[in-house]
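Down below is the structure, laid out as structure tokens.
The first residue in the sequence is number 1, and the count goes up from there.
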Amino acid sequence: MKLKQNVKNAIYLGSLCSVAYFAVYIARNILSAVTPQMVADGFTEDYIGSVSALYLLFYAFGQLINGAIGDKIKAKYMLTMGLFFAGVTNLLLPVIIDKPNAAMIVYGLTGFFLSMIYGPMTKVVSENTEPIYTTRCSLGYTFSSLLGSPAAGILAVFLTWQSVFFVSTGVLVAMAACVFTFFTVFERRGIVKYGQYKPKEKGAGNIKILFKRQIVKFSLISILTGIVRTSVVFWLPTYIAQYLSFSPEEAASIFTGATLAISMTSFIAIFLYERLGHDMDKTILIVFTSSVIFFTLTYFVKLPVLNIIFIVLAIMSSNAAATMLWSRYCPSLRDTGLVSSATGFLDFLSYSAAALANITFAGAIDAIGWGNLILVWIGLVTLGVIVALPYRKILKK
């Protein structure tokens, strides 16, 4: 009976977090989805790249700050405030978009408020579910995050880019109200309790313990996968429109389909992980290697349909490594007492790298062209293969 109740509680909590994170990722992917429309309206890639880069920097530093705060403050308050205030700033962007400095700051604040979600959410799930259900819950909101891209793409197909921002605001504010209401109910029913971790190792709660848990290796993985899953995906609609010569409307539709396929990555990654005997290191090595192969095929194969298939498979392969990071590694740190802080730190690295990449890619499009930019992406995932090599096992031998 207790086992059955634990399953129900995990479903309740995991479902709420998944829906909340879906709203977050709709908001996060809007600018990417509407970039072709905005370029057609006269905005430059450099300007949009600068706006998105500042957003990512605010999001990155917000993860670092809010991750630490999330180990101290209840997830209910962190999630509610983050969703609500992100909705407010998201509403303002299309109104002041013609004022560059104000627009960049406002959209940067959107990133900061959205950064209040992931770390505290991972902590509350890991502390209130059994490890097997924690993985399933994190898989659920990882899947929801990937669905955010096609959802934003669908909105961009049917609405003007200004209207897309307004719809997203409504979703964020409504979700803030739902989160506060349901978390209150969960607390009263005992589904959610705070400070549930029980230290299993001497030094738990001390940052030094994270070095024993391969935090350096996963920091590098966070940086590399962050660039691919955030910056490469951000520029995907523009890549489709410019490099493959599709119209902005066609690019938005293709982007929607591509990101729907990418949204399946988390399930494929966990399936592969389980087939490999729950060997996280081997899984990461295999998927990074696959990403190198598919990005290489993207470079050589110019036929639009095959080119799109290969770049989507390359992104999916890299995202599978990210799934191991966020769905397996971070929740496994619950006995350290630093789940939110560690998750926030890793997200900080991921989005700092993505912000720098967004600025670099925006300039590189004109400077070196899309073809050479693909070579850069090949180099990034090749570094992932090197990082994923089982050095510890080799040294033990």
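Side chain to side chain, Ser317 and Ser291 fail the donor-acceptor criterion of an N or O pair below 3.5 Å. Checking Tyr55 against Arg28 by side-chain atom types alone, a donor-acceptor pair falls below 3.5 Å.
The structure places CG of Leu244 at 9.5 Å from CH2 of Trp370, a figure rounded to the nearest 0.5 Å. Remark: Leu114 CG to Tyr21 OH distance equals 9.0 Å, nearest 0.5 Å. To the nearest 0.5 Å, atoms CZ (Phe271) and CG (Leu276) are separated by 10.0 Å. Distance check, rounded to the nearest 0.5 Å: CD1 of Ile48 to OG1 of Thr35 gives 4.5 Å. We find the NZ-SG distance between Lys123 and Cys330 to be 13.0 Å, quoted to the nearest 0.5 Å. For the atom pair CZ of Phe112 and OG1 of Thr89, the computed distance is 11.0 Å after rounding to the nearest 0.5 Å.
Counting heavy atoms from C-beta outward, Trp235 and Tyr243 have side chains that stay 4.5 Å or more apart. Taking 4.5 Å as the limit, every side-chain heavy atom of Phe43 sits out of range of all side-chain heavy atoms of Val34. At least one side-chain heavy atom of Thr225 sits under 4.5 Å from a side-chain heavy atom of Phe288. Counting only heavy atoms from C-beta outward, the side chains of Ile65 and Phe348 never approach each other to under 4.5 Å. Using a 4.5 Å cut-off on side-chain heavy atoms (C-beta onward), Leu346 and Tyr118 make no contact. In this structure the side chain of Tyr12 never reaches within 4.5 angstrom of the side chain of Val185, judged on heavy atoms. Within the 4.5 Å cutoff, the side chain of Asp41 has no heavy atoms near those of the Gln37 side chain. Annotation: side chain of Phe361 is in contact with side chain of Val232 (closest heavy-atom distance under 4.5 Å).
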Test side chain to side chain contact (heavy atoms under 4.5 Å, CB included) applied to Trp326 and Ser222, step by step
CA-CA 9 Å; Trp326 306 116; Ser222 178; 3.9 Å; yes

Assess whether side chain to side chain contact (heavy atoms under 4.5 Å, CB included) is satisfied between Ile30 and Asn90, documenting all intermediate values.
CA-CA 10 Å; Ile30 284 176; Asn90 199 59; 4.2 Å; yes

Evaluate the criterion side chain to side chain contact (heavy atoms under 4.5 Å, CB included) for residue pair Ile311 and Phe294; output intermediate values, then yes/no.
CA-CA 7 Å; Ile311 195 171; Phe294 288 125; over 6 Å; no

Let's go through Trp377 and Val228 carefully: what are the C-alpha distance in whole Å and the side-chain angles of both, what is the deciding distance for side chain to side chain contact (heavy atoms under 4.5 Å, CB included) to 0.1 Å, and is it a yes or a no?
CA-CA 8 Å; Trp377 298 341; Val228 176; over 6 Å; no

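Placement of Ile286 and Ile270 in two distinct hydrophobic clusters is found when ILVMFWY residues are connected by side-chain heavy-atom separations under 4.5 Å, directly or transitively. A single hydrophobic cluster is seen to contain both Val233 and Phe246, as judged by linkage of ILVMFWY side chains at heavy-atom distances under 4.5 Å, directly or through other members. In the hydrophobic clustering of this structure, Ile309 groups with Leu297; members are Ile, Leu, Val, Met, Phe, Trp, Tyr whose side-chain heavy atoms approach within less than 4.5 Å, directly or through other members. Follow the hydrophobic side-chain contacts under 4.5 Å out from Val287 and you never reach Leu389; the two are in separate clusters. Side-chain heavy atoms closer than 4.5 Å link hydrophobic residues (I, L, V, M, F, W, Y) into clusters, and following such links, even through other members, never connects Met38 to Leu92.
Heavy-atom minimum distance, Leu16 versus Met175: CD1-CE, 4.1 Å. Across every non-hydrogen atom of Thr283 and Ala269, the tightest pair is CG2-O, 4.3 Å. Nearest heavy-atom pair, Ser126 versus Pro331, reported as atom, atom and distance to 0.1 Å: CB-O, 4.1 Å. The nearest pair of heavy atoms linking Met116 to Asn66 is CG-ND2, 3.2 Å. When all heavy atoms of Phe58 and Gly108 are compared, the closest pair comes out as CB-O, 2.8 Å. Between Leu13 and Val124, the shortest heavy-atom contact is CD2-O, 4.0 Å.
Within 6.0 Å of the CZ atom in Arg275, the count of heavy atoms belonging to other residues, nucleotides or ligands exceeds 12. Atom CZ of Phe267 has more than 12 heavy atoms from other residues, nucleotides or ligands within 6.0 Å. The number of heavy-atom neighbours closer than 6.0 Å to CZ of Phe61, taken from other residues, nucleotides and ligands shown, is 12 or below. When the shell of 6.0 Å around CZ of Phe182 is examined, it contains 12 or fewer heavy atoms from other residues, nucleotides or ligands.
At least one donor-acceptor pair under 3.5 Å links the side chain of Thr256 to the backbone N or O of Ala252. For Ser332 (side chain) and Tyr329 (main-chain N/O), a donor-acceptor pair under 3.5 Å exists by modelled atom type. For the pair Ser15 (side chain) and Ile11 (backbone), a donor-acceptor distance under 3.5 Å is present. No side-chain donor-acceptor contact under 3.5 Å links Ser318 to the backbone of Ile315. Formation of a donor-acceptor pair under 3.5 Å by the Thr323 side chain with backbone atoms of Asn319 is found in this model.
For the salt bridge (Lys or Arg N to Asp or Glu O under 4.0 Å) condition, no pair includes a residue of residues 84-97, sequence neighbours left out. Judged as a salt bridge (Lys or Arg N to Asp or Glu O under 4.0 Å), not a single pair has a partner in residues 285-313 (not counting sequence neighbours).
The residue from Ile97, Leu155, Leu31 that alone fulfils the side chain to side chain contact (heavy atoms under 4.5 Å, CB included) condition with Trp161 is Ile97. Tyr273 pairs with exactly one of Lys282, His278, Arg328 by the side-chain hydrogen bond (donor to acceptor under 3.5 Å, both in side chains) rule, that one being Arg328.
For Glu274, the side-chain hydrogen bond (donor to acceptor under 3.5 Å, both in side chains) test picks out Arg136, with sequence neighbours left out. Remark: Phe113 engages Phe85 in a ring-ring contact (aromatic ring centres under 6.0 Å, His included) (not counting sequence neighbours). Phe183 is linked by a ring-ring contact (aromatic ring centres under 6.0 Å, His included) to nothing, counting only residues two or more places apart in sequence or in another chain. Applying the side chain to side chain contact (heavy atoms under 4.5 Å, CB included) criterion to Pro248, with sequence neighbours excluded, gives Pro36.
Looking at Arg229 and Asp347, a side-chain N of the basic residue comes within less than 4.0 Å of a carboxylate O on the acidic one, giving a salt bridge.
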